[in-house]
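Numbers restart at 1 for each chain; the letters A, B, ... are given by sequence-line order, proteins then strands. Given the structure is predicted, the values throughout are model-derived calculations rather than measurements.
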2 protein chains.
Amino acid sequence: MTSTIKDVAKRARVAIGTVSRVINDHPDVDPALRERVEKAIRELQYRPNARARRFVQNASPVLSFILSNRSVLSPFHSAILQGVEEYCAETGYFVMFTQYDYSPDTPPSDLRLPGVLQSHGIADCLILAGTNYENFITAVEELGVHYVALSNHLVTSTPRAPFDQVGWDDDAGPYEATRYLITLGHKHIWYIGDTSLHWYKLRYSAYERAMTECGLETLGQTVGLADNYYANGYACTEMILDHGYPMTAIFAAYDEIAFGAWDALRKHNLEVPRDISLVGYGDDDAAQFKMPGLTTLRVEKARVGRELARMAIEKIRRPDNRIPQIIVPVSLIKRGTTRPVSVTISSS
Amino acid sequence: MTSTIKDVAKRARVAIGTVSRVINDHPDVDPALRERVEKAIRELQYRPNARARRFVQNASPVLSFILSNRSVLSPFHSAILQGVEEYCAETGYFVMFTQYDYSPDTPPSDLRLPGVLQSHGIADCLILAGTNYENFITAVEELGVHYVALSNHLVTSTPRAPFDQVGWDDDAGPYEATRYLITLGHKHIWYIGDTSLHWYKLRYSAYERAMTECGLETLGQTVGLADNYYANGYACTEMILDHGYPMTAIFAAYDEIAFGAWDALRKHNLEVPRDISLVGYGDDDAAQFKMPGLTTLRVEKARVGRELARMAIEKIRRPDNRIPQIIVPVSLIKRGTTRPVSVTISSS
DNA sequence: GGCCTTTCATGAAATGTTTCACAGCCAAAA
DNA sequence: TTTTGGCTGTGAAACATTTCATGAAAGGCC
């Protein structure tokens with residue numbers, strides 16, 4: 001069968017404690033002995049038994065990435081997960097991927113919790129991604145399980161204290177994007193994005209602030225007209241065009257919405273950016289590859305993932321330490337879908 | 001601290017063996033005792049220690065999903081991963097997500113293996129997804145670690161025996177799609193897709209067979225003109241149009257390629273499907289939401305994931321049993337981007 | 001009542017590792 | 001020479017659970 005530390009010790013004619021010290025890179029081992037032990041390890045093809053090690057240390061280098069209430073693992077969350085894995089691989093941790101759907105209305109004690117919480121000792125810290133609500137957080141806390149959360153998609157009745165969370169800036173980015181469009185001379189800038197979700201409302205508020213500050217009228221299509229991003233962008237844009245509302249630019253609250261809007265514009269023989277400027281949000285891969293590339297707000301998802309992992313591991317090391325929230329900045333990526341309003345430029 | 005099985009036994013005034021039987025739903029426990037034990041468990045908020053359990057059983061209900069040689073977790077692989085997780089959650093297993101990049105040219109013994117293979121006992125079976133080569137498979141086999149693999153993206157010099165793999169049909173689908181376009185009266189059907197990857201070559205061969213069988217000329221743009229799907233579809237389509245080659249339909253080897261082609265067509269004032277019919281491959285979410293919806297070949301990725309998980313678990317149960325390969329069928333989804341060739345229909 | 005069978009609780013053994021108190025050895029200091 | 005102190009190797013204890021041989025109690029049959 002597979003060899004154990006005992007076999008190695010016997011073959012190297014040392015005590016198991018010595019073998020353990022060699023494996024774990026402890027100092028205070030005679031070089032000659034270390035050599036002998038390493039030779040024995042090679043010869044026996046010994047690999048440490050992770051199960052025994054975890055058991056005796058009462059710790060597992062495992063983070064559980066929980067994707068809550070999302071039927072699809074979107075490019076956005078995929079990239080976050082990849083960031084988490086990347087950091088974990090660098091630091092010797094492992095990532096467990098779990099999907100978990102629940103209703104915000106179930107009392108914490110009635111929640112059918114994901115398997116990772118039913119036993120204890122499977123993962124040492126949770127990363128709560130996806131959309132989460134108070135009841136699940138409460139249940140996790142009652143179990144005394146460590147966790148860190150993605151702050152942007154956290155839906156709570158009262159604002160949470162800014163600890164043990166990682167997020168990105170849902171205000172500064174949209175504000176900057178709107179200002180940018182205004183700078184380009186646009187006045188009829190439409191916001192498209194269902195604001196029933198509070199992170200879209202934040203983006204809308206930033207847009208609204210920028211518009212109001214410049215004395216411009218807010219033009220928001222904040223009610224969803226379809227149940228997916230693309231179709232919603234498409235339908236909202238068609239609706240605006242059909243009504244003949246003035247419009248020279250669109251700020252879409254998500255890249256996929258922008259793509260829908262774009263196709264609707266093309267359908268109406270409007271060209272981007274010649275006729276309409278278009279700004280998205282997220283900078284998914286597709287945004288940079290489009291012809292022309294989509295001007296959008298880049299959220300560094302991999303960075304968000306890395307920070308989540310880093311925070312989770314820090315949490316394991318010092319469980320009682322509340323770690324201040326980390327906000328990953330969002331940057332405006334100017335590509336080919338935005339340009340100055342022709343009339344404004346030529347008449348000025 | 002957290003309570004152990006011993007605490008429960010003491011409180012319920014039974015032996016630990018009895019508590020163990022209650023926890024693990026063994027029969028042969030007196031109902032009265034079972035009740036008493038369950039009460040004690042509730043009162044102490046006892047949760048079994050997964051680490052101790054795994055240690056003593058020398059088994060972990062964990063599968064490791066390895067995404068090899070992919071810088072992005074594409075919607076395609078995301079959906080497979082979700083299928084894996086879904087099945088695992090149903091059967092009490094957990095999924096570890098690992099990314100692993102390696103060169104096909106490194107000898108097996110020189111590979112810097114992912115952490116999950118450095119110890120033993122972290123995961124009981126691997127699911128090899130992404131693009132994999134012989135050297136890594138060999139290394140895994142030499143370690144004696146169980147695995148199942150996604151067959152479509154397996155690149156080996158000699159064909160692998162059809163065991164312990166799950167895949168989808170890369171031939172029948174493309175063949176059917178091409179036949180469908182031919183049935184619609186199309187004669188100038190272009191294949192777009194870089195065939196340097198062998199799974200694209202399979203799709204091309206099926207297209208070629210269908211065309212040849214009907215006495216039609218194969219029109220393949222099989223050399224990549226850009227380094228991502230969308231841009232490649234865009235560039236290839238522009239190239240075809242710029243040369244003035246006759247074309248009434250495009251079969252794109254992947255949905256994203258189709259989207260690029262579509263945008264290039266629009267750029268040239270060609271409308272889909274009025275002027276050009278378009279068929280994709282994959283049926284990513286975006287395909288169904290487009291206006292009009294993209295006619296494409298649906299690969300049931302969640303199903304692929306579920307079968308991979310099922311096979312992996314079966315592999316753990318009976319390690320020496322070679323499990324015949326599973327091929328998940330691919331189906332043609334007819335949406336709005338395909339229609340009969342006008343001229344052909346009217347003149348016949 | 002005596003004997004046999006069935007049912008079910010008991011508690012010790014076993015699992016592979018880390019940890020730690022202790023001991024042995026050697027060099028330097030007294 | 002003896003004592004002290006610093007290294008470094010040793011091996012038993014501890015970890016929480018499952019498993020299993022053992023045995024007690026209960027029930028059935030003559």
Q: Compare the minimum distances between each of dC8(C), dT19(C), dA16(D) and the side chain of Asn49(B), then state the nucleotide with the smallest one.
A: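 Taking heavy atoms from C-beta onward, the closest nucleotide is dA16(D).
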Tell me the interatomic distance from [X], atom [atom1], to [N], atom [atom2], rounded to whole angstroms.
{"X": "Gln57(B)", "N": "dT19(D)", "atom1": "CD", "atom2": "C1'", "answer": "10 Å"}
{"X": "Asn58(B)", "N": "dT17(C)", "atom1": "CG", "atom2": "P", "answer": "10 Å"}
{"X": "Asp25(B)", "N": "dT19(D)", "atom1": "CG", "atom2": "C1'", "answer": "17 Å"}
{"X": "Asn24(A)", "N": "dT19(C)", "atom1": "CG", "atom2": "P", "answer": "7 Å"}
{"X": "Leu33(B)", "N": "dT7(C)", "atom1": "CG", "atom2": "C1'", "answer": "12 Å"}
{"X": "Ile23(B)", "N": "dT17(D)", "atom1": "CD1", "atom2": "P", "answer": "7 Å"}

Q) Okay, side chain of Asp124(B), backbone of Ser64(B): is any donor-acceptor separation there less than 3.5 Å? A)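 Looks like no, no N/O pair under 3.5 Å.
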Q. Asn69(B) side chain to Tyr102(B) main-chain N or O, any donor-acceptor pair under 3.5 Å?
A.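 Checked: pair present.
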Q) Which part of the nucleic acid, if any, lies within contact of Arg51(B), taking any heavy atom under 4.0 Å across all strands shown: a base, the sugar-phosphate backbone alone, or nothing? A)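 Result for Arg51(B) = nothing.
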Q: Assign Thr4(B) to base, sugar-phosphate, or nothing according to its heavy-atom contacts below 4.0 angstrom with the strands shown.
A: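 Contact class for Thr4(B): sugar-phosphate only.
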Q. For DNA chain C, whose closest nucleotide is more 5', that of Ala52(B) or that of Ile16(B)?
A.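 Its nucleotide being nearer the 5' end, the pick is Ile16(B).
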Q) Phe55(A) stacking on dC15(D): centroids under 5.5 Å, ring planes under 30°? A)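 Stacked: ring centres under 5.5 Å, planes under 30°.
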**Q.** Worked verdict on Phe136(A) versus Tyr100(A) for ring-ring contact (aromatic ring centres under 6.0 Å, His included)
**A.** CA-CA 10 Å; Phe136(A) 180 44; Tyr100(A) 178 50; 4.8 Å; yes
Q. Between Pro114(B) and Thr98(B), which heavy-atom pair has the shortest distance, and what is it?
A.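 Closest heavy-atom pair between Pro114(B) and Thr98(B): CB-CG2, 4.0 Å.
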